[in-house]
Engineer: 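Pasting in a structure now, in C-alpha cells, and then I'll have a few things to ask.
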Amino acid sequence: MMKQRILCAAAVTTVVLAACAAQDTDGDAALPTTDTLAVAAQPASVPVTSIPDAFTTQGTTHSYNARKAYDLTGDGRPETVVQNAMGPRPDTAEVELLILATAGDTLYRNTWNTQSYFQYEYRNTFTDSAANAKITRHLRRVLSDSAFTAEGPSAGMKRSIPGGIDRDAVRYDMKEAAVRSKHSLPAGAPLNSAQYEEMQKTPVSAATIDSIVGELATMSTFTYYAGGEITYTLAWSPLRKRFVRIFSCC
C-alpha cells in the first residue's frame, strides 16, 4: 500500500522532497464516515474506523473526532488510532493523536495545532469556509488507508531511501527514548531544555541502529502529516515494545 507523505529532510533525495511538497493537494480518495458522537462513545477495546467529513459544533466549540482500526503491532489484534481536534475555530484547534492498545493503554501520543497547516500560507487569504475545508482535508488524510502499510515501508519509501528506513531518524528516536526512559516521561510529554541537551549527547551505536532497521524492515507502518514540514512514519518494535520513528521530516 503506497503512502502519500514521505520524509523531506535535506539529506534525502529530491524524490522525497517532491512528495512532501505534494501533501497539500486537494485530491482525496473516498473515505468512510459515521456519526462522530457514536464513535466517541466506543471504548478503545472495540476497534472501529470512522473518518468524518467535517467538524461538529457544540456552542462555541468545534471538534473533529476520528478513529482507525489497524493492526500495527503484528499481534493479530487491531490497535485503535484516535485523532481528536478541538478549539474555538477549526483553524486554531488543538490536535491529539493517540495509538491505543486493545486494552486501552496509550502506545503513542503526539499533539499539534491546526495553525501549522498554514505555515507557508497567509491564513487571511482564505475565507473561513476555505480554511475549514483545508484543515478538514488534512485531518481526514491522517487516518486514510494510504497512511498505512502492512509489510514494511512502502515501495516509494524504498525507492527514495535504502531499505525505506532513515537511519538518522532512528538514531534520533533512540536518543529521545533513552532520555524519556531515564526521566520516566510519558508518551508525548515534551522534553525540557536540559533533557534535550542530554538527548543530544546520548550515544547510539551503529550496531543498535542496524538491529532496529533489521527488526522493523517488515513491520506495518503509519505515516502522518502534522503541518509545516512535520511528517512522521512509525513502526512498532516488538523487542522494545514501543513505536519507533523510522522517518522524520525536518
Side-chain angles (χ1 to χ4, degrees), residues 5-12 16-17 20 23 44 72-73 79 81-88 91-101 103-120 138-139 142 161 165-216 219 221-250:
R5 308 179 187 88
I6 56 180
L7 177 69
C8 53
V12 185
V16 181
L17 289 168
C20 284
Q23 289 167 354
L72 285 166
T73 61
E79 285 67 48
V81 188
V82 179
Q83 176 192 24
N84 296 315
M86 182 176 297
D91 60 347
T92 58
E94 293 293 332
V95 183
E96 180 182 52
L97 180 70
L98 301 170
I99 302 178
L100 305 178
D105 298 332
T106 300
L107 303 177
Y108 179 84
R109 178 178 182 269
N110 194 18
T111 61
W112 66 93
N113 192 284
T114 56
Q115 294 178 77
S116 64
Y117 292 124
F118 295 92
Q119 183 169 332
Y120 298 112
H138 281 303
L139 293 181
V142 171
I161 298 175
I165 297 178
D166 178 46
R167 296 174 63 88
D168 288 336
V170 172
R171 180 181 293 106
Y172 188 97
D173 181 274
M174 293 302 296
K175 288 173 174 283
E176 182 178 339
V179 172
R180 287 185 178 280
S181 177
K182 178 180 177 180
H183 296 281
S184 300
L185 296 174
L191 304 182
N192 61 35
S193 58
Q195 292 163 347
Y196 181 78
E197 183 176 350
E198 179 183 353
M199 184 194 76
Q200 300 300 316
K201 299 176 181 178
T202 300
V204 178
S205 70
T208 296
I209 297 175
D210 288 341
S211 173
I212 295 171
V213 169
E215 179 191 17
L216 304 184
M219 292 299 295
T221 71
F222 168 45
T223 297
Y224 67 94
Y225 176 54
E229 297 179 339
I230 306 301
T231 299
Y232 292 136
T233 298
L234 311 174
W236 177 257
S237 168
L239 180 62
R240 292 162 180 80
K241 304 299 181 185
R242 70 175 183 85
F243 282 97
V244 175
R245 288 193 303 269
I246 62 173
F247 293 107
S248 180
C249 177
C250 310

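Along the sequence shown, residues are numbered consecutively beginning with 1.
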Engineer: Tell me, do R245 and V170 make a side-chain contact under 4.5 Å, heavy atoms counted?
Structural biologist: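 No; the side chains remain at least 4.5 Å from each other.
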Engineer: What do the steps show when you test H138 against V142 for side-chain contact (heavy atoms from CB on, under 4.5 Å), and what is the final call?
Structural biologist: CA-CA 7 Å; H138 281 303; V142 171; over 6 Å; no
Engineer: Contact between T111 and L97 at the side-chain level, heavy atoms closer than 4.5 Å - yes or no?
Structural biologist: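 Contact flag for T111/L97 side chains = no.
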Engineer: Let me confirm one number: the CZ-CG distance from F222 to L72, rounded to the nearest 0.5 Å.
Structural biologist: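 Nearest 0.5 Å value for the CZ-CG distance: 7.5 Å.
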Engineer: Check the pair V95 / N113 against side-chain contact (heavy atoms from CB on, under 4.5 Å), numbers first and verdict last.
Structural biologist: CA-CA 6 Å; V95 183; N113 192 284; over 6 Å; no
Engineer: Which is it for Y108 and E79 under the side-chain contact (heavy atoms from CB on, under 4.5 Å) test, yes or no, and what are the steps along the way?
Structural biologist: CA-CA 11 Å; Y108 179 84; E79 285 67 48; over 6 Å; no
Engineer: Tell me if the aromatic rings of F247 and Y232 count as close, with their centers under 6.0 Å from one another.
Structural biologist: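 No.
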Engineer: Start with the C-alpha distance between L234 and I246, add both sets of side-chain angles, then the distance that settles side-chain contact (heavy atoms from CB on, under 4.5 Å), and finish with yes or no.
Structural biologist: CA-CA 6 Å; L234 311 174; I246 62 173; over 6 Å; no
Engineer: State whether D173 and R242 are salt-bridged, where the test is any N-O pair (Lys NZ or Arg NE/NH1/NH2 against Asp/Glu carboxylate O) under 4.0 Å.
Structural biologist: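 Salt bridge: yes.
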Engineer: Quick check: closest heavy atoms across S116 and A226, and the distance to 0.1 Å?
Structural biologist: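 That closest heavy-atom pairing would be OG-O, 2.8 Å.
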Engineer: Return yes if a side-chain donor-acceptor contact under 3.5 Å exists between S205 and T208, otherwise no.
Structural biologist: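 Present: a donor and an acceptor within the cut-off.
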Engineer: Could you tell me whether a side-chain N or O of E197 sits under 3.5 Å from a main-chain N or O of A194, the two making a donor and an acceptor?
Structural biologist: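 Such a contact is absent between E197 side chain and A194 backbone.
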Engineer: Tell me, which pairs form a salt bridge (Lys or Arg N to Asp or Glu O under 4.0 Å) where one or both residues lie in residues 178-190, sequence neighbours left out?
Structural biologist: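 For residues 178-190, and leaving out neighbouring residues, the salt bridge (Lys or Arg N to Asp or Glu O under 4.0 Å) pairs sorted by first residue read E176-R180, K182-E198.
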Engineer: Where do P190 and Q195 come nearest, in terms of heavy atoms and distance?
Structural biologist: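 Nearest heavy atoms, P190 then Q195: O-OE1, 4.3 Å.
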Engineer: Determine the minimum heavy-atom distance between E215 and M219, stating which atoms define it.
Structural biologist: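 Minimum heavy-atom contact is O-CG, 3.7 Å.
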Engineer: Roughly how far, to the nearest 0.5 Å, is the NZ atom of K175 from the CG atom of L191?
Structural biologist: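 One finds 13.0 Å between CG of L191 and NZ of K175.
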Engineer: Report the residues that fulfil salt bridge (charged side-chain N to carboxylate O under 4.0 Å, His left out) with E94, sequence neighbours left out, ordered by chain and then residue number.
Structural biologist: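 Salt bridge (charged side-chain N to carboxylate O under 4.0 Å, His left out) check on E94 returns nothing, list empty.
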Engineer: Ignoring hydrogens, what is the shortest heavy-atom contact between A169 and D166? Give both atom names and the distance.
Structural biologist: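 What the structure gives for the nearest pair is N-OD2, 3.0 Å.
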Engineer: So I99 and W236, do their side chains get closer than 4.5 Å, heavy atoms only?
Structural biologist: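 Heavy-atom side-chain distance check fails, nothing below 4.5 Å.
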Engineer: Measuring only between side-chain heavy atoms, which start at C-beta, is R109 closer than 4.5 Å to E96?
Structural biologist: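 With C-beta onward as the side chain, the pair touches.
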Engineer: Looking at D210 and R167, is there a salt bridge between them, counting it only when a charged N and a carboxylate O are closer than 4.0 Å?
Structural biologist: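 So R167 pairs with D210 through a salt bridge.
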Engineer: Kindly indicate whether the side chain of V82, heavy atoms from C-beta on, has any atom under 4.5 Å from the side chain of L100.
Structural biologist: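 Yes, at least one pair of side-chain atoms sits under 4.5 Å.
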Engineer: So, taking the atom named CD1 in I165 and the one named CD1 in I209, what distance separates them when rounded to the nearest 0.5 Å?
Structural biologist: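 The distance works out to 11.5 Å.
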Engineer: Taking side chain as C-beta onward, heavy atoms only, is V81 less than 4.5 Å from L98?
Structural biologist: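 Result no, sub-4.5 Å side-chain heavy-atom pair not found.
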Engineer: Would a 4.5 Å heavy-atom cut-off, applied to side chains only, mark L216 and V244 as touching?
Structural biologist: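 L216 vs V244: side chains touch.
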Engineer: For D91 and Y117, which I'm curious about, is there any donor-acceptor pair between the side chains at under 3.5 Å?
Structural biologist: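 The criterion, which ignores hydrogens and geometry beyond distance, is not satisfied for Y117 and D91.
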Engineer: For the atom pair OG (S248) and CG (D168), what is the distance rounded to the nearest 0.5 Å?
Structural biologist: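 Rounded to the nearest 0.5 Å, the OG-CG separation comes out at 10.0 Å.
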Engineer: Any idea which heavy atoms bring R240 and S211 closest together, and the distance?
Structural biologist: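 Where R240 meets S211 most closely, the heavy atoms are NH2-OG, 4.5 Å.
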Engineer: If you measure from OG1 on T92 to CZ on F118, what distance do you get to the nearest 0.5 Å?
Structural biologist: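 With rounding to 0.5 Å, OG1 (T92) is 10.0 Å from CZ (F118).
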Engineer: Quiz question: by atom type and distance under 3.5 Å, do the side chains of W112 and Y225 form a donor-acceptor pair?
Structural biologist: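 No, no side-chain donor-acceptor contact under 3.5 Å.
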Engineer: Looking at every heavy atom in both N110 and Y224, which two are closest together, and how far apart are they?
Structural biologist: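 Answer, listing the atom of N110 first, then Y224: ND2-OH, 2.8 Å.
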Engineer: Below 4.5 Å, heavy atoms only, C-beta onward: do T223 and T231 meet side chain to side chain?
Structural biologist: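 Answer yes - side chains close enough.
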